[in-house]
There are 2 protein chains.
Amino acid sequence: MITIKDIAKVAGVSHTTVSRALNGSPLIKPDTRERIAKIASDMNYMPNYSAKNLVTRKSNTIGLFFSSIEQGTSSSFLADALKGIRKQLGNMYMLTVSGIDDSSSMDYIDPRRYDGILVMSQSEWDNRFIYHVQSAGIPLVVLNRQLEDPSICNVASDDRVGGKAAADYAFECGHRLVAMIEGKAGFKSSSERKLGYMDSLMAHGLTPNPTYFVQGDYSIESGYTAMNQLLDLQERPTAVFCGNDDMAIGAMNACFDRGVQIPNEISLIGFDDMTFASYTNPPLTTIHKSVSEIAEEGTRLLLERLQYPQTLPVQRLLGSTLVQRRSVSKLAEHR
Amino acid sequence: MITIKDIAKVAGVSHTTVSRALNGSPLIKPDTRERIAKIASDMNYMPNYSAKNLVTRKSNTIGLFFSSIEQGTSSSFLADALKGIRKQLGNMYMLTVSGIDDSSSMDYIDPRRYDGILVMSQSEWDNRFIYHVQSAGIPLVVLNRQLEDPSICNVASDDRVGGKAAADYAFECGHRLVAMIEGKAGFKSSSERKLGYMDSLMAHGLTPNPTYFVQGDYSIESGYTAMNQLLDLQERPTAVFCGNDDMAIGAMNACFDRGVQIPNEISLIGFDDMTFASYTNPPLTTIHKSVSEIAEEGTRLLLERLQYPQTLPVQRLLGSTLVQRRSVSKLAEHR
DNA sequence: TTTTATGATGAAAACGTTAACATTTGAAGT
DNA sequence: ACTTCAAATGTTAACGTTTTCATCATAAAA
């Protein structure tokens, strides 16, 4: 492996000059810079990053950490996030991916290994990790889950507004009996979406019906069983707001299996607008949330903080909007 | 940041001793080892990996490279792969993720940055990259795409066998007019699956009908338009083998839109068995292929090669088997 | 006792960079 | 021609490890 000293020898200069030339120092005469660059490329030089990092105390690495890489994370989620991040990152930084629950991940958090960290968070369980990172002094952006703490840089989608939009739409379509299949207990997104639903309920002067709330866990299966529960009710809801698209798909299946027509007999609204939402039957009306946008914006923010460490942490909520498809019926008798 | 020298000072030994103690050298007396370990943990010592890597000429990093992170890669794919890999990797190695097309990714391939590389490959376009890695002398395993070259370690699913299984099943169910929606042109998997179909055709003594082959690109949309093309035919096929599940879903949608019943009027077979396959309507009969298993096995192999560099490269094909669901009808009149 | 081996430790060099400080060069100002 | 200053380059010391080679005990063998 060839080093800057080898280049120095060939170029007849000191290795320091080579280092400077290759790093674009203004101290080097343009023509020697070019001469050295030429030699370096001819010799197929590649810098040794370990050595570089050792002395600069940088790592050229951004770490992406997931709530739980094993479970709970829907797959399009991870992929979208990755795409958004890589897009922003270019090839200035390496990107590592780990689950927060990777055995004792804490022990491996070290400012010398990560220039910055992105946390794709889903539940409050991640807080321990998040604060560990913060107290280690590593620049940090938390993605996807809304945080309270103003000292932490954060970008997420506005789940509450989205939840409200979903419920609003149901009510505007004339539905009065609208149930909700809730997301995973303990996940902030679950409670926010529910809160949004509640906001809408209140705004429309309606009172919540306890039997119309059933707990899910964001999985397709949970949507299926939850929907069956709803269908067993004496007074069936005419619309169901599902905490995410996966559960909506499970719910759809439950309906198909029991021969109840969507949207004629029952309407369905999802949340997330994943790729498949347009391809269910009928296409799913849902709340659009762009994970890749969140990831992209978060990465942009992180990069900014790396460049200007003084930048103040910001909390950003990306809008979530309703996309109308065909899983919701308009009720005629709505006054 | 505290270093081994700090520990040495406290322990009253040389930093060499500390290094040895912390790395489990047999030269160190058990009790001094423990004493040092205690001090290190008390002082909250974390090794500086840059320094370590500099002298050991290792990187503690495995690189995962994707065919095209931007497009073509279905999302469950990426997520599954990641899960399989992380599972095997534990926390011995960092894992970085990049797209092969990341601007000039070649320039960043360096044995000092990657102890080993996994390539999640989909098309022959990746070969350039693969051979670059190999000639750089970095231990390498190519995943997911079957390779010809016996000098390269490779694990993939047996697409051809899978394709044959799919077609066999259609024929056994009495179908004679079975079309195929092909995967992305240039992808090895596309041609292998088609070859498998051909094998079956031949085994059943049938002759291929050129109009029954329509090109897709593995996307949902392409499945949709391809299916429409098929439905426009004078003599409609009674069954369609789709190159992957995404296209099968697109095809399903085309059918729904035109009111053609699945599986009564037309049968559908997919490939991959992604999560959603069980939740389409009707549930999709498809060929099961486990990306996470492939990833896991590939990682195992890579790790083995890192430990025993002499290990010979192996080519492994993981079986792909049919999973029967409800998108294929049994034709009575099949004599 | 004196040697000899061996088990445990230490000193110093090396890994490939960057950075602080020193030196040279050359041109401009007197 | 002599100083002065700035621009360009060189010297040397870090950075935090591991590793080679030497040293020093200590216990066994003579």
Sub-6.0 Å ring centroid separation between Tyr49(B) and Tyr108(A): no
Ring-ring centroid check Tyr93(A) Tyr114(A), cutoff 6.0 Å: no
Look only at the side chain of [X] and the backbone of [Y], and say whether a donor-acceptor pair between them is shorter than 3.5 Å.
X: Ser292(B); Y: Gly84(B); value: no
X: Asp158(B); Y: Gly319(B); value: no
X: Thr17(B); Y: Val13(B); value: no
X: Glu304(A); Y: Pro309(A); value: no

Whichever of Thr17(B) and Val18(A) has its nearest DNA chain C nucleotide further upstream toward 5': Thr17(B)
5' precedence on DNA chain C between Arg112(B) and Pro30(B) (nearest-nucleotide basis): Pro30(B)
How many whole angstroms separate atom [atom1] of [X] from atom [atom2] of [N]?
X: Asn60(B); N: dT17(D); atom1: CG; atom2: P; answer: 14 Å
X: Ile28(B); N: dT19(D); atom1: CD1; atom2: C1'; answer: 13 Å
X: Tyr45(B); N: dG16(D); atom1: OH; atom2: P; answer: 10 Å
X: Arg35(B); N: dA8(C); atom1: CZ; atom2: C1'; answer: 13 Å
X: Asp110(B); N: dT17(C); atom1: CG; atom2: P; answer: 10 Å
X: Lys29(A); N: dA27(C); atom1: NZ; atom2: P; answer: 10 Å
X: Ile4(B); N: dC15(D); atom1: CD1; atom2: C1'; answer: 12 Å
X: Leu22(B); N: dT18(D); atom1: CG; atom2: P; answer: 8 Å

Donor on one side chain, acceptor on other, Ser59(A) and Asp115(A), under 3.5 Å: yes
Side-chain donor-acceptor contact under 3.5 Å, Gln134(A) with Ser151(A): yes
Please confirm whether the shortest side-chain N or O distance from [X] to OP1 or OP2 of [N] is below 4.0 Å.
X: Tyr49(B); N: dT18(D); answer: no
X: Thr32(B); N: dT9(C); answer: yes
X: Asn23(A); N: dT18(C); answer: yes

Presence of donor-acceptor pair under 3.5 Å, side chain of Thr56(A) and base of dT17(C): no
Side chain Arg20(B) and base dG10(C) donor-acceptor under 3.5 Å: yes
Between [options], which one does the side chain of [X] approach most closely?
X: Thr16(A); options: dA20(C), dG16(D), dT19(D); result: dA20(C)
X: His15(A); options: dT9(C), dA13(D), dT9(D); result: dA13(D)
X: Lys5(B); options: dG10(C), dA8(C), dT17(D); result: dT17(D)
X: Thr3(A); options: dT18(D), dT17(C), dG16(D); result: dT17(C)
X: Arg57(B); options: dC15(C), dT11(D), dT17(D); result: dC15(C)
X: Leu54(B); options: dG16(C), dT11(D), dA12(C); result: dG16(C)
X: Val55(B); options: dT17(C), dC15(D), dC15(C); result: dC15(C)

Inter-axis angle, terminal five-pair segments of the helix from dT1(C)-dA30(D) to dT30(C)-dA1(D) [nearest 10°]: 60°
Residue met sooner reading DNA chain D from 5', once Ala51(A) and Lys52(B) are mapped to nucleotides: Ala51(A)
